[in-house]
Each structure stands twice: as C-alpha cells, then as structure tokens.
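Not measured: the values here are computed from a predicted model.
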Amino acid sequence: MQLLLTVYYLVQLAADQVPLMEDLEQIFLRSWRESHLTEIRQYQQVPSQPYPPALSTAAPVTSAQLPWLAGLAASSCNDSVHVIECAYSLAEGLSEMFRLLIEGKLAKTNYVVIICACRNAAIDSCIAVTGKYQARILSESLLSPAEYQREVHYELVTGKVDSLGAFFSTLCPEGDMDILLDKFHQENQGHVSSSLSASSVTQAAALDVSGTPVCTSCHLEPRGVRPFQLAVAQKLLSHVCSIADSSTQNLDLGSFEKVDFLICIPPSEVTYQQTLFHVWHSGVLLELGLEKEPMTKQRVEQYVLKLDAEAQTRFKAFLQNSFQNPHTLFVLIHDHAHWDLVSSAVHNLYSQSDPPVGLVDRLLNCREVKEAPNIVTLHVTSFPYALQTQHTLISPYNEIHWPLSYSNGVDLYHENKKYFGLSEFIESTLSGHSLPLLRYDSSFEAMVTALGKRFPRLHSAVIRTFVLVQHYAAAMMAVSGLPQMKNHTSVETLEITQNLLNAPKQCPCGHGLMVLLRVPCSPLAAVAYERLAHVRARLALEEHFEIILGNPSSGITVGKHFVKQLKMWQKIEDAEWRPQTYLELEGLPCILIFSGMDPHGESLPRSLRYCDLRLINSSCLVRTALEQELGLAAYFVSNEIPLEKGAKNEALESDGEKLSSTDNEDEELGTEGSALCSETSAQVSGPPQRDQARSPPPCGPAEEARATGEKPWLRTSQGPPMVISRHGPGHPPPPDCGLRTSQRGLQVSVTASSQLPSLGSTAMSTAPATGTLVLQASQCSVTKACRQPPTVFLPKLVYDVLVSTDSSGLPKAASLLPAPSVMWTSSFRPLLSKTMTSTEQSLYYRQWTVPRPSHMDYGNRAEGRVDSFHPRRLLLSGPPQIGKTGAYLQFLSILSRMLIRLTEVDVYDEEEINTSLREESDWHYLQLSDPWPDLELFQKMPFDYIIHDPKYEDASLICAHHQSIKSEDRGISRKPEDLYVRRQTARMRLSKYAAYNTYHHCEQCHQYMGFHPRYQLYESTLHAFAFSYSMLGEEIQLHFIIPKSKEHHFVFSQPGGQLESMRLPLVTDKSHEYIKSPTFTPTTGRHEHGLFNLYHAMDGASHLHVLVVKEYEMAIYKKYWPNHIMLVLPSIFNSAGVGAAHFLIKELSYHNLELERNRQEELGIKPQDIWPFIVISDDSCVMWNVVDVDCAGERSREFSWSERNVSLKHIMQHIEASPNITRYALLGMRKWASKTRGGEVREPFSRCHVHDFIILNVDLTQNVQYNQNRFTCDDVDFNLRVHSAGLLLCRFNRFSVMKKQIAVGGHRSFHITSKVSDSSAAVVPAQYICAPDSKHTFLAAPAQLLLEKFLQHHSQRFFPLSLKNHSHPVLSVDCYLNLGSQISVCYVSSRPHSLNISCSDLMFSGLLLYLCDSFVAASFLKKFHFLKGATLCVICQDRNSLRQTVVRLELEDEWQFRLRDEFQTANAKEDRPLFFLTGRHI
C-alpha cells in the first residue's frame, strides 16, 4: 500500500517540483494506518459509530498485483514515472534502469520505481530520481552550508562559470552586452540620460524657509513602547517572579539591588550597531542606573556582545562581574537564539575555518552561567523550534510567546499599526486578493531550467545568480534608453528596476525605495555586486541609486553623494557620520545585496519595496530557514486603511504590480505610478515648470498633528546615528498620511507610448467612473510603504511549498522539519494542526523532535537528572521584526523597577501635630551640642503634655494649665476607615541598616534567620516561666520558645532543664560588640510582614530579640521565624490588645531583673549594677536616622543640620552610654518626617511623650504599670502615669525612627462584628453600647475595645458641654482615654505625691472615672471645680461595682443620676461587658 501511494504521489508532481521527505513520511503513516485499521478501531472501541464492514475486511494487495497496479497508476503521467518489475533482486531492476538511461529512453522520465516481487519473500522496492532538475535539487540539498560555499567558490575560482558568461554574450542579437554598454557610455559621456536628467534633489519640490526640499510624508514617529511590547515585558516579569516564588529557591529576587545585562548577538556588524542603537535610545541604561548622562558609544558597547572570535574574553569579564556583584541580577539575553546551536564538542572540526562555531554552547552553557544564582538567561528568537526538543534546557513553563492581536474577534491590544508577517503574505495569494504579495517569476525560472540542462555540472545557485544579475543588468539598460534590452529580462525584474529609478522623482526630497536582493552565498554576492556596479557606472547612474553589499562580517559602505543625502533628510550635522544600520538607509534609492547563509536579525527600513528572494536555495526547505528568509519582508502597515482596499487602489499606481507574469505572460511592463500616463513622446526632460512650485500632497490630520512640535533626534559626535525605523522594536512607523488627494499626473516614461499598447486600456478600466480621469499623485515611496508591505519574489519551488496547504488548511511550510539541527523521533507522528497555539506547537516539537549529535542540547539527558530543565532560563519567541528587542529592553526596565520596589518601603511621612501648642517656658535644653542629656538641666525642664505624634491626630488633646486653646486649632475628625488610608507616606529606599520581613533572604541572613544550608529548620524547645503578680491576684505562666542557637542568652537549672532567668549585662559593661538592652516586639497578624529581621539593623552585633506573640499564632510565627526567641502570652490574652502585651513584657522584665540580681549577687555583683533597661519596639520600625547639627555657636539661632541613616546598633550604643542613664525611666526618639523643621531638632532633648520605639527602665517604673486592658493609646496613658510618678521621660530629638506602612495585622486584626451569624449589616460605633437588659444585638468583640472605639467617635453623647470647649476640659482621673479630637482632657493622678498640673483655676466640663481604685477618694474629687451642667461618666467592671463606686465616692452629693443614664458595652453576659453610669453636676 505504501508503495502504491508513493507512486500516486510521484505521478501528481509537476515537472518543476521535487518530492518532500515530509510528504513521503505522511504516505508511510497513512499506509500503516490503513493496514492496521482493524486493530485501531478495536482499540478505539466506538460502537456508536459503526464502520462499513467492507472497509474492515478489505484484502491487502498481493505481490502479483502490486507491479500491475503501480504501472496502471503511472500510465497517465506522460512517462514522468516509469515502473520496472524484476523477479529476483533490485540489482536486476537497477541494471535495466541504467540500460534505459544509456539508450536515452528515460529522457522524459523523472522517477523510476523498481519493484522486486518474489513469491516467497517480502516485496523489495526502490525509487531512483532520474530527472535532471529533481536530481540536481535533491543532491544539492544534501550539501551542508559549508560544503555549498566551497562548491560555489571552487566553480568561481576554477573558471567553470566562464562558459556561462560566454553563452550569455551570444543571447543578445545586437552584440555582447558589455559592447553595448561601452557604446552607450561613449555616446552619453558628459551628460546624464535625458530621461533621467532631473536630479532627485533639485527637481520639483516644496521648499522650507531655508530652501531645503521638504517631504511631508516622512516624519519621525514618536518613540515609545507599544502595547504589545509592554504586555510581553510584563509576561517576562511574571515568569521571572514565578521562578522566584517557587519553593526551589532558584532565584532570590529579594537579595538583588539592581539589574545588569548583556545582549549576545550573532557576528553581524549591522545587527551589532542596530542593537547598540536600540539600547541607547531605549533609555534602559539610565533607568537601570548603569550609566549617567552623557553616555558615550563606547560605554553602550559594554552591554552588547558580538559572538565573534573576541567574544570569549569579554564574556569572561561578564562572568567575573557577576561573581563580584552577588546583589546584582544579571540578565543574559541571547538574541537570535536559533543561530549557532552547534555543540562545543564538535568545535574542533571547525576551529580553523569558522571560530564562532559552537561559541554559544561554550559561553552560554558553561558551568559558571548554569550555577550562578544571579544570572537569568533569556533566549530570544523568532524561530524557537530548535530549542523545543526532547533534550531542551528550557522548561515549557518558561516559554513566553508573542500574544495574538485578536481573540474571538476582539482587538486585545489596540495599535495603529498592523503587523504583516508570513501568514498575511500567504493569505494575499488567495483568491479575492487583487494584489498577491508573494510572487514568482516564470520567465526567470524557465531560463534557469534551460541553462540547468545546458550546464549540468554547475551548481544551480551559480546559474540562478548569473541569470538574475543578467536580468537586472538588462533591465537597467532598458530603463536607461536601450529599449531593445527589455527582451532580455523578465517583467518582474524590469518592474523592480523601473520603480527603483522612478521613485525618487515622485518625492520632493528624492526619497526612493530599497530593493533587497538576497544572495546567500558570499562569493556570488561579490560577483553580483561587481557586475551591477559596473553596469550602473557605464549607464552613468551612480548618483541615481546606490548598490550596497551587505556582508555580516563588515559594515555598510555608502557613497559620499548618498551619505550627503541621508544627512540632509535626517538633519544630521556630524561631519563624520556614516550609516551603520540598514534602518538608516530610510528613503535611499538602492539595491541592497544581502549576503550570508542566514540573516542575523538585521532590520530593514520602511522604504523596502521589493524583497527579491529568487536566489535562496533548496536548503531553505526547512521551517526555520524558510520563515527566516520570509521574515526579511515582515512589515508594519497602517491600521487606518484596510490592506485589501489599499491593494485595489494600487492598480492606479502600478500596472506592473497588478498581475504577475505568471498569470499573464503577454502583459507589457509598466512603472509604478505610470498607469494613467499619456506621454506624447519617448523622452521627457522633466516635470513641467508649474509643478516645481506646487506643494506635495498634504498628510492626513493625524500625521500633521504628530509632526507639529516634534523635534528630530539630532546626531551628536558621540552617539549612534538617528534612525527612522520601518518596524524597529519600540517605535512603530508613523500612521498613514491619509487618502490620496488631488493628484498630478505627468510622469516620466522609459519607452514611447506606442510601445505600451496594453497600459492605457488596462488602467482605464480600473479608474473610477467619475467622468474625469483621476491622475496619479506624485507620492513619496515612504508614504506608500505605510500602506503596503513589500512585494516578495520567490523561487517557484519555494512558492509552491508556501502556498500549498494540507487537509486541515495548515500551510505545508509549517509541516517541514523545524530546523536542520534536529530530527523527527518517528515518522509515526500526528500532523500539526492549524488551530494549534504557539504553546501547543512547542509541546508538539518537544515530543516529536530530538537534537542531532552536533546540537548543543544533544547530551543534556545524559547528565542523569530526571528534570533536565535549567531553572533560570527563559525563551521569548515572536514573529520576525515585530519588536522583540523593544519588549525585552522594556522588561529590563520594569524588572529593575520591581527590584527597586522590593528595596523600597512606604514609610509614614507626617509632620508633628500640635506644634503651635507646645509649652512656652523659660526652660529649654540650650546645650545644643550635648551628645547626652545633662541630668541637672534636664530635671528643670517642664514636661510637655501635648501629644505630637501624628498618628494621634484624632486623639483628645491633653491640657496643661498654661494653654489657651482655640476651638479652631483642632482639625475635623476623620472617619474611622480613613485613619489608615489617608495617612501620608513616602517611598524610601531601604538602606543597608534596615529591618526586614520574612521575604528578605541574603547570604548573611541565612544563619540569623535559622535556615540551614539544606533548608532544615533549627531545633527549638518550649520552656515554661511563671511568676506571681499581686495586682492580678494569681500566678502568671508564660512560655518561651528558645532555639538551640539562642540558649546562651538564658540561665537553666541544668542543660536542658528548667528555665531560671534571662541573662542581663552590667551597667558598667563598655563592650561595643553587643547591645545590652533586650528587645521585645509585640506582634499579631504579621508573621510574614513584621520587621523582625534585625541583623542588618544591628549591623551584625549580638543582641537579644524576643517576639511576643499570642498563643493561637505561635505555630505560624515559629514556622516563619524559626531562629527567633518567642514569648507566648497566656491563652486568656488571645483577644487582648497591645496593652496586655506591654503589661506582661514589663512585669516579666522586672521579675527577671530581680532574679538576675539575686543570681549575680551570689557572684559578688551589686544589685544596682544589673542593666535595668529593655526595648519595646513596634513590629513596623524599619530604619533609624541621626541628625548631624553644625552649630555656629552655643546660643546662636543659626545652625545647619543634615539627616542620615544609621544602624540601630549605633543609636542603641549611644543611648546606652548616656551618663546617669539609670536615672531616666523612659527614653525614646522622634518619628521621622521629610518636612522636619530645624526647630524640632535644634534642641537635642525633650521631656515629652515617647512612642513606637522606647527604652524602658523596669527598675524605676516598678510601681507604674501599663493598663493590660487597653487596645489604643496605651503608650500615651503609660507616659502620663510615668511622669505623674515623678519620673523622667527623655526624647532624643536627633534620633528618629521610620515606620513602615503595613496593610495587614496590628490593630487592623481586630474586627467588630455581630454575634448573629446571618447578619450582614455593618456595625457602626454608635451600636457599640446599649442599655442594660435590652434586646440589643450583641457584638463579638472585647468590651474594652467597644468602649474605646465608642468614646473615640461618640463621647459627645456623654460630655456635651465639652465639645470644642478646650478651656473647660474633661477631668480624667488615673487614665487617658481618647474622647475624640473635639474634646480635650486633663489628666490627674490620684496617687500620693504625684505630679499633677495646678487645677485650682480650671473649671471642668466633665469627669471621667475609669475603673478607679482605692486611691481615688471623695476628698480627692472635691478639690476640683465643675461647670453647672457638667457631666460625669463612671465606668466599672459590673453593675455592682458601679453602685459601690457611686456610694464610696459620695458622688450623689454633687451629681444627679437617672436610671436611664446607665449603659453597658454591647456584649453578652459571658463576654463580661463594661458598665457605665452618667450624671449631671448639680
């Protein structure tokens, strides 16, 4: 069956077609499927779809039938397939074939099928290719690129091609072409051909004010990142983050401070300069902080590596740089990544002839790159197939594919340009498209075929090149005034040449079009260049168009005349400037002879009009090679005019483009823009005089608006040149200049109108039926380029492969072998489907292809790893010329911004409040240069009761008797939900002394954080620690979780025994190696985000840090912070606020101080020498600063100061070294603000409130306790208690702490909700209290929290006289409760010998008694005076205590109570609500 199908396949092949291996493999698969149909159906077991029984029982073809059936199949093919039957062996058939060949009987036969059908053996068969054309193509396709180059070079050097040249000279009846050229040159010496005499610059043009011709169609487009590129950059970033977020620890983004990169490109000078340009103008070097203005080209070159012989040295420097900078993330970008995938193991075979071979493998796959934790490799290519094999290093999850522009008919990324790539080119060949953009030249193919038969020993590439060069030469002669030469060229070549020469005359500035002539073989390209340059010189066309030889190994050489034109068009003033990229040839009329076996990513300008690929050889019948060649023509067209509409209108411009000669052999040639000409003579001197002053057609409004106010990029002597990009990444071409307007039509023709009989009638039929003849406008080729992609000419063989499709509609080109360096795993593979996405195609190739032994991935699976993917390697694929360079440069920018964002924090940046209410006293601390407070001076300073911390902006003002406060001094109360949202923050870069959360992982921190190199958690033990507290009337039992690494901080009864105490240092210790004060950090809900990593903040100094956590959060904190000591609060405090934590920290610390005094007293140490201080720090303190003050004099008002970041170690050791430090009860520092005024830091010390980060003397404050019930303002309450006890509070004004904004945990962990489970209504603060015994909905929240929140928002219900009445505050006894910003309070302590303000002259508007103890007596309250109608609020734990308090304090003597004035918090009885009673002063 397989043989029969093969014969059928060969029969249907045309004379100019060759069999494809992929077709033969599909025949093999089909025959196997049909022969195993029964088994397949039994396996599928689909009873609902029964097959006809006749099919399943079909008898196989017998050996006797096979030759007869094969001969029958071949009988209708006009002898192109001949079948030979032999009885014994294939040798017999081969002998018969050779005999027929010698006798000349197989002259018309292309394939001979030999069948050996022995009765007792299996059927043997073979197919011999006898057609000269097919045999030549197949044999040449077996040559490697190097062998192909050697063969061609040999034929050129040995003179084998001379016979070909001699044959060409006999074709011209007028004589040898060179003789004609010489004759023409002599006749026209001294003047230019009259038909082309008008200079492209001095012809009719619109002039600007300086007299320079202006082309309104050619404007620089604004630079920017297109939506597609941004989307791809974000996808790349997402993949990098996914690698970092995985549990494999392969990429630690948190440890990197900046991004660096190196772009590796193939050894093409043009691609190198092109990449330099993109890097320069993207601004990525400045954004990444790698360079500063002004940049030089030499500096930019450090970031682009051309993979040539010198690459190894520079790459070693890159590796050394990455090793020396572990905190820099290096992105190694391998652009054009499908090039040079040769294994370094076979490099020695090529080392002499081709040094770069195997270089990619030696450099990018070296051990240093694979193992470096700070190098991410990004492969970028338009043809990823060779990197998608079974042995690839790239995970399928690390592939990023260019997104589709449409999904289900929806435009996903709106852009004003439409990408025109391979699929669009193929689509243009389908019926319904009036202008196929893919074409082939039948005249050229016929000539090549004829010469191939005549010169069988010459390589077909040599023949094709010589024929095409001959056609171009003849076409140039025909256009220049030798019309007889038009018979010696093809219509297509003549069309190209005419438009090349005529296009500059249609633009005021002389902009022309580019013709790309692709000559893969470099020796042949040199021959083509020399021949065409010679013909151009003899025709005196040197200044009409340039011929450029594009060789990957060298730069661009352009004549001085054309360099001058380019500089004028692009407004470049640099005298030394020369074009270095093809993009800079924008608008230059030229033929670019593009050599090299493979394009290396070179971008072409918008003015590319023809892409002549007629010389690409049969080796391109591989998917990568074919798409790579067609990728040269990839283009962006304006989205504003549909392509088909524009294409149909093109008939007005180009009759030559209207139809290929393939469709109409007799069609006469035409010129672009000459279809509607009515020439009266063969020679026209130039455009009429009246056209010289006429402006060119105006652009559409969009282009005009874009052009106004735009300044072109000026070329400087240091920078890369300016480019008008056709489709360069990051800057799409400008939009279409709008529809054609009034058009002028007199056009230069190359031949007499009598020689063009078909032009007028053909064009007239396409003109609009308006009654008047619409003449063609003189339009710039760049304008036309915006609307239509280039026309591509292909070999017939390649054209047939491209336009043919399989049964699913998939182009046959997609089914070819994906790359020459890979091979199929099996012929038994499914077909690619047209509906497959890029991801599905990748998975298909990963399953069905393997690398050849020469491929660099060949040995990947031999490493013995199950998972052979490299974790830090990504692949970006997208169509050619679509903007991948711009996308990955944008990726570098947003990656850098993300890393910076990871190293930045939002810190609160709020000015101190109530600064205008500061105590005005004669006593200020005027010793401005004192590093520490002087005790005697400090004791004389008054205490500032006013709260200045901006987080208490909504808190009640604390009044002292000195102040006279106006009601308008206080702001408007904010909504509770605004308290966090509206606080001002500033983004700050983390310094090297910052505190970090759990996401920070640097090498120095690993041991500190408790992660073993193998990521095993450190062991820790749980220890109980109990002490009695008389005020609670019971023993308190706490638990310590102590890691093994921290046990040296504690004293145990024996190793592993009972915990006895926490070690404390001595006051007299002067060591700078450790911090003396233990640090306690109470925390809740912030196991991930709390800033508990103090390693860097302490600058590596030894310190004791204890996290204070609630019992239910113990496990999660232990998981995230395995190497931290934890103090676990008793379960009864699970719902308690921060007051409980502060209370227990202080009481535990005092108890521990007593234990340490007893323990060390036995060692001969005095009790007062034991260090009595602890630090209580918030879990959001991130950085610390110091102010350096330069005082002109001790009492001078003029001084300068600056603030800098320092370590917490520096601050703590400075404070701990203070003289007489044990005489201070509480020490603290300012909260940082960017707008700190000089007055706030002028005085080094203040006696005032301290918050957030405090250093507490637990010895002096033994009898002053935190309120364990409090949720808010407990620090203010404690500060007032400490001061009233006669103790000193000192704030170091020249130290400040930055607090990070953390959106989770902390006080936001407490949510007040209804106890009724089905209630979805929000609970407002007014509902936090209710009347006792009422049917009010109870709330699931602590009673104390409800009380504090209610008083903060609704205290005016209890104290109506106090609202905005700051001269008559509420008297608050022994406590500070926040009554809201509109009510002021006066704090007094009932303790004996307390320091209180003088209240003799104050009239209070209210009295607040909160859980008052026995120190509050009736006699104490009678000292204070109240306004008539003042209100009282008494708060107690239960109703019984409430009544007892009223009686004990004799409140009914002066206060009137009503039954309805009793309230409780909205708690159920089991939740122990608080009760309060209000009354009015009599």
Tyr1008 six-ring face occupied by Lys1046 cation (under 6.0 Å, within 45°): yes
Atom pair CD (Glu1154) and OG (Ser1149), whose distance is rounded to the nearest 0.5 Å: 12.0 Å
Side-chain heavy atoms of Asp1275 within contact of Asp949, under 4.5 Å: no
Under 3.5 Å: donor-acceptor pair, side chain of Trp1121, backbone of His1087: yes
Salt-bridge contact Lys1076-Asp1069 (side-chain N to carboxylate O under 4.0 Å): no
Val1106 side chain near Met1126 side chain, heavy-atom distance below 4.5 Å: no
Side-chain heavy-atom pair Met1212, His1103 within 4.5 angstrom cut-off: no
Flag for Asn1396-Ser1394: side-chain donor and acceptor within less than 3.5 Å: no
Tyr1150 vs Thr1261 side-chain heavy atoms within contact, under 4.5 Å: no
Side chain to side chain, Pro1325 and Lys1349, heavy atoms closer than 4.5 Å: no
Donor-acceptor contact below 3.5 Å, side chain Tyr1120 vs main chain Arg1086: no
Point-to-point distance, once rounded to the nearest 0.5 Å, from SG of Cys1248 to CD1 of Ile947: 11.5 Å
Atom pair CD/CG of Glu1060 and Asn1158 - distance to nearest 0.5 Å: 11.5 Å
Closest heavy-atom pair and its distance - Leu1129, Glu1111: O-CB, 3.7 Å
Heavy-atom pair with the smallest gap, counting every atom of Trp1171 and Val1067: CE3-CA, 3.8 Å
Gap between atom CZ of Phe1173 and atom CG of Leu1064 - 0.5 Å precision: 12.5 Å
Step-by-step side chain to side chain donor-acceptor pair (under 3.5 Å) determination, Gln1352 to Glu1348: CA-CA 6 Å; Gln1352 178 182 347; Glu1348 292 181 29; over 6 Å; no
Shortest non-hydrogen contact from Phe1358 toward Phe1476: CZ-CE1, 3.2 Å
Side chain Glu1216, main chain Ser1077, donor-acceptor under 3.5 Å: yes
Stepwise side chain to side chain donor-acceptor pair (under 3.5 Å) test for Ser1045 and Asn1123: CA-CA 7 Å; Ser1045 61; Asn1123 204 34; 2.5 Å; yes
Tyr1117 versus Thr1083, side-chain donor and acceptor atoms under 3.5 Å: yes
Candidate pair Phe1424 and Val1388, rule side chain to side chain contact (heavy atoms under 4.5 Å, CB included), full reasoning: CA-CA 11 Å; Phe1424 304 102; Val1388 293; 4.1 Å; yes
More than 12 heavy atoms of other groups within 6.0 Å of Arg1448 CZ: yes
Stepwise side chain to side chain contact (heavy atoms under 4.5 Å, CB included) test for Thr1313 and Val1323: CA-CA 6 Å; Thr1313 57; Val1323 182; 5.7 Å; no
CZ (Arg1223) with more than 12 external heavy atoms under 6.0 Å: no
Aromatic contact, Tyr945 with His1283 (centres under 6.0 Å): yes
Main-chain N/O of Leu1260 paired to Asn1257 side chain as donor or acceptor, under 3.5 Å: yes
Test item: Leu1351 and Asn1378 side chains (from C-beta on) under 4.5 Å apart, heavy atoms: no
Side-chain donor/acceptor of Arg1472 to backbone N/O of Gln1437, under 3.5 Å: no
Pairwise distance CG(Asn1267) to CZ(Arg1281) - rounded to 0.5 angstrom: 5.5 Å
Output field: ring centroids His1249/Tyr952 closer than 6.0 Å: no
Closest non-hydrogen atom pair, Ile1170 against Arg1157: CG1-CG, 3.8 Å
Audit row: His1251, Lys1231, side chain to side chain contact (heavy atoms under 4.5 Å, CB included) steps and yes/no: CA-CA 8 Å; His1251 313 272; Lys1231 182 180 286 185; over 6 Å; no
Aromatic plane relationship, Phe1292 with His1214 - under 30° parallel, 30 to 60° tilted, over 60° perpendicular: perpendicular
Check: Met1062 main-chain N/O paired with Asn1152 side-chain donor or acceptor under 3.5 Å: yes
Exercise: identify the closest heavy-atom pair between Met941 and Phe1245: CE-O, 3.9 Å
Step-by-step side chain to side chain donor-acceptor pair (under 3.5 Å) determination, His1105 to Thr1081: CA-CA 8 Å; His1105 188 198; Thr1081 304; 2.9 Å; yes
Nearest heavy atoms of Tyr1266 and Phe1143, plus distance in Å: O-CD1, 3.4 Å
Chi angles and distances behind the salt bridge (charged side-chain N to carboxylate O under 4.0 Å, His left out) call for Lys1469, Asp1438: CA-CA 10 Å; Lys1469 188 175 182 180; Asp1438 51 59; over 6 Å; no
Presence of salt bridge, Lys1300 and Asp1178, under 4.0 angstrom: no
Donor-acceptor contact below 3.5 Å, side chain Glu1113 vs main chain Gly1085: yes
Short side-chain to backbone donor-acceptor contact, Arg1063 and His1048, under 3.5 Å: yes
Sub-4.5 Å side-chain heavy-atom contact between Phe1278 and Lys1146: yes
Donor-acceptor under 3.5 Å (Arg1230 side chain, Trp1232 main chain): no
Trace of the ring pair (Phe, Tyr, Trp, His ring centres under 6.0 Å) decision for His1354 with Tyr1328: CA-CA 10 Å; His1354 294 284; Tyr1328 292 172; 8.3 Å; no
Leu1377 backbone acceptor or donor facing Asp1277 side chain under 3.5 Å: no
Sub-4.5 Å side-chain heavy-atom contact between Tyr1387 and Val1276: no
Test side chain to side chain contact (heavy atoms under 4.5 Å, CB included) applied to Lys1315 and Asp1471, step by step: CA-CA 11 Å; Lys1315 273 204 157 187; Asp1471 294 333; 2.8 Å; yes
Nearest-0.5 Å distance, NE2 of residue His948 to OG of residue Ser1246: 8.0 Å
